[in-house]
Amino acid sequence: MTRRETVDRLTACLVPLYGEREARAIARSAVAELAGIPLSALLTDPGAELAVEGLAEAEAQLAAGKPLQYVVGHTEFYGRRFAVREGVLIPRPETEELVDRMVRSERGARRLLDVGTGSGCIAASLALALPEAEVYAADISDAALTVAAENFQQLDAKVTLRKADALNGLETVFPKRFDAIVSNPPYVPESDRAAMHPNVRDHEPAVALFVPDGDRIRFYRAIAQAGRRMLAPGGRLWFEIYEHAADEVVRMLGGEGYTDTEVFRDLFDKPRMVCSRLN
């Protein structure tokens with residue numbers, strides 16, 4: 001088959017799940033990854049013959065809703081390639097903006113902690129961008145700890161990784177003070193589960209996504225409370241947040257003794273990040 005025919009075939013399999021435009025974008029990325037050619041080659045020379053090893057298996061997985069990142073085993077984040085597998089949340093572009101804000105704001109930080117590190121994308125990116133800082137990372141998931149450790153080693157990112165529960169005993173695992181703590185914790189209410197796209201809902205780890213409807217800011221509250229004992233005076237919390245809980249998170253932070261709270265909006269003008277300082 002030609003490159004065009006290969007992309008068309010895969011696109012046709014994915015249209016029922018994603019619609020024409022997104023299906024074609026996924027198909028192009030998948031074919032380029034599996035064939036080991038630049039994405040641009042599919043557009044500049046679509047008539048070239050193409051033999052793709054593992055295409056049938058990848059096609060079946062993608063048609064079943066498995067995210068492309070899990071099929072190829074990696075994703076791009078903040079200019080670097082990170083390994084991802086089922087059981088570990090796939091990093092999102094909005095999280096790159098959180099990292100970028102921290103890199104610009106925390107240049108003088110000596111110790112940083114990433115809570116709920118998942119693939120390790122935040123911690124590794126901070127460690128590589130801020131080499132003078134000691135960077136630590138925590139997760140409760142063994143699958144996430146394994147993948148994060150692989151990414152730290154592959155990228156030569158100097159991060160100290162420990163198993164810890166964000167909801168209980170975080171300060172006992174990390175007894176020293178930090179200049180900043182960052183987290184992209186679970187924040188999607190259970191009531192939103194049914195409306196989510198199946199490739200996320202059915203394949204990405206529920207433990208990294210969902211929280212009870214009755215306590216949707218439970219992770220933010222627990223980390224903020226631990227932060228009162230873990231942050232150095234003037235230290236800051238950085239959160240990626242659920243857009244519909246921004247006001248609730250801000251009120252909670254004020255009640256826990258944090259000040260100078262800033263809410264940052266994404267490209268779609270949705271509140272997606274919060275930074276708050278401990279008095």
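These figures come from a predicted structure and were not determined experimentally.
- Scanning for side-chain hydrogen bond (donor to acceptor under 3.5 Å, both in side chains) contacts around Thr261 gives Ser276, with sequence neighbours left out.
- For residues 143-155, every residue pair satisfying the salt bridge (Lys or Arg N to Asp or Glu O under 4.0 Å) rule, not counting sequence neighbours, is listed here: Arg85-Glu150.
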Please test Ser191 against Asp213 for side-chain hydrogen bond (donor to acceptor under 3.5 Å, both in side chains), starting from the C-alpha separation and ending with a verdict. CA-CA 7 Å; Ser191 57; Asp213 286 4; 3.0 Å; yes
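- Under a cut-off of 6.0 angstrom, the local environment of CD in Glu190 is crowded, with over 12 non-hydrogen atoms contributed by other residues, nucleotides or ligands.
- Residues Val182 and Phe239 have side chains not in contact (no heavy-atom distance under 4.5 Å, counting atoms from C-beta outward).
- The 12-atom threshold is not exceeded at CZ of Arg21, counting heavy atoms of other residues, nucleotides or ligands nearer than 6.0 Å.
- At least one side-chain heavy atom of Ile181 sits under 4.5 Å from a side-chain heavy atom of Met230.
- Contact between Ile241 and Ala246 at its shortest, heavy atoms only, is CD1-CB, 3.6 Å.
- Side-chain contact between Val211 and Val188: absent, with no pair of heavy atoms (C-beta onward) separated by less than 4.5 Å.
- Each of Leu42, Val52, Asp8 was evaluated against Arg3; a single residue qualifies, Leu42, per the side-chain contact (heavy atoms from CB on, under 4.5 Å) test.
- Hydrophobic clustering keeps Leu253 apart from Phe219 (ILVMFWY residues linked when any side-chain heavy atoms are closer than 4.5 Å, directly or through intermediates).
- Closest approach of Ser119 and Val84 over heavy atoms only: CB-CG1, 4.3 Å.
- Asn279 and Tyr258 form no side-chain donor-acceptor contact under 3.5 Å, judged by distance and modelled atom types alone.
- Asp156 and Leu128 make their closest contact through O-CD2, 3.8 Å (heavy atoms, listed as atom of the first residue, atom of the second, distance).
- Using a 4.5 Å cut-off on side-chain heavy atoms (C-beta onward), Leu112 and Leu130 make contact.
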Steps toward salt bridge (Lys or Arg N to Asp or Glu O under 4.0 Å) verdict (Glu204, Arg92): CA-CA 12 Å; Glu204 295 198 55; Arg92 270 39 177 200; 2.8 Å; yes
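- A continuous path of Ile, Leu, Val, Met, Phe, Trp and Tyr side chains, each step under 4.5 Å between heavy atoms, connects Val249 with Leu278, placing both in one hydrophobic cluster.
- Note: the hydrophobic cluster containing Trp238 also contains Met273 (ILVMFWY, side chain heavy atoms under 4.5 Å, direct or indirect links).
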Begin with the C-alpha distance, continue with both residues' side-chain angles, and end with the deciding distance and a verdict on side-chain hydrogen bond (donor to acceptor under 3.5 Å, both in side chains) for Glu49 and Thr2. CA-CA 4 Å; Glu49 290 295 319; Thr2 66; 5.8 Å; no
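- Arg177 is not listed as a side-chain neighbour of Leu231, based on a closest heavy-atom distance of 4.5 Å or more.
- Of all the heavy atoms in Val159 and Ala123, the pair that sits closest is CG2-O, 3.8 Å.
- Asp114 and Thr117 are linked by a side-chain donor-acceptor pair at a separation below 3.5 angstrom, with hydrogens and angles left out of the test.
- The shortest distance between side-chain heavy atoms of Leu43 and Arg28 falls below 4.5 Å.
- Taking both residues in full, the closest heavy atoms of Gly120 and Phe82 are given as O-CE2, 3.9 Å, listed atom of the first, atom of the second, then distance.
- Salt bridge absent: Arg221 and Glu256 never bring a charged side-chain N and a carboxylate O closer than 4.0 Å.
- Side-chain contact between Glu97 and Glu240 is absent, with no heavy atoms from C-beta onward closer than 4.5 Å.
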Apply salt bridge (Lys or Arg N to Asp or Glu O under 4.0 Å) to the pair Glu106 and Arg236, showing each step before the final yes or no. CA-CA 9 Å; Glu106 300 291 350; Arg236 292 192 286 190; 3.1 Å; yes
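- A centroid separation of less than 6.0 Å is found between the aromatic rings of Tyr136 and Phe178.
- The two atoms that bring Val135 and Leu126 nearest to each other are CG2-C, 4.4 Å, heavy atoms only.
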Is there a salt bridge (Lys or Arg N to Asp or Glu O under 4.0 Å) between Glu20 and Arg24 once you walk through the steps? CA-CA 6 Å; Glu20 173 68 30; Arg24 187 162 295 277; 3.1 Å; yes
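- Looking at Pro189 and Phe210, their side chains never come closer than 4.5 Å, going by heavy atoms from C-beta outward.
- In this structure, Arg110 does not pair ionically with Glu134, as no charged nitrogen and carboxylate oxygen lie closer than 4.0 Å.
- In this structure, Arg216 forms no cation-pi arrangement with Tyr242, as its terminal cationic atom is not both closer than 6.0 Å to the ring centre and no more than 45° off the ring axis.
- Salt bridge Asp142/Lys163: present, at least one basic N to carboxylate O contact under 4.0 Å.
- Relative ring orientation between Tyr220 and Tyr187 is described as parallel, the plane-to-plane angle staying below 30° on a 0-90° scale split at 30° and 60°.
- A donor-acceptor contact shorter than 3.5 Å links the side chain of His197 to the backbone of Leu17.
- Salt-bridge formation is not detected for the pair Lys270/Glu94: no Lys NZ or Arg NE/NH1/NH2 atom is positioned less than 4.0 Å from an Asp or Glu carboxylate oxygen.
- Follow the hydrophobic side-chain contacts under 4.5 Å out from Leu170 and you never reach Ile122; the two are in separate clusters.
- Seen from the ring of Phe264, Arg272 does not count as a face-on cation partner, given the 6.0 Å and 45° thresholds.
- Within 6.0 Å of CD in Glu171 there are more than 12 heavy atoms belonging to other residues, nucleotides or ligands.
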In a table with atom names and distances, give each donor-acceptor pair under 3.5 Å that connects a side chain of residues 65-74 to protein atoms at least two apart or in another chain.
unit_1, atom_1, unit_2, atom_2, d
Tyr70, OH, Val88, O, 2.5
His74, ND1, Val72, O, 3.4
His74, NE2, Glu33, OE1, 3.1
His74, NE2, Glu33, OE2, 3.2
His74, NE2, Arg81, NH2, 3.4

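- For the atom pair Ser125 OG and Asp100 CG, the distance stands at 10.0 Å (nearest 0.5 Å).
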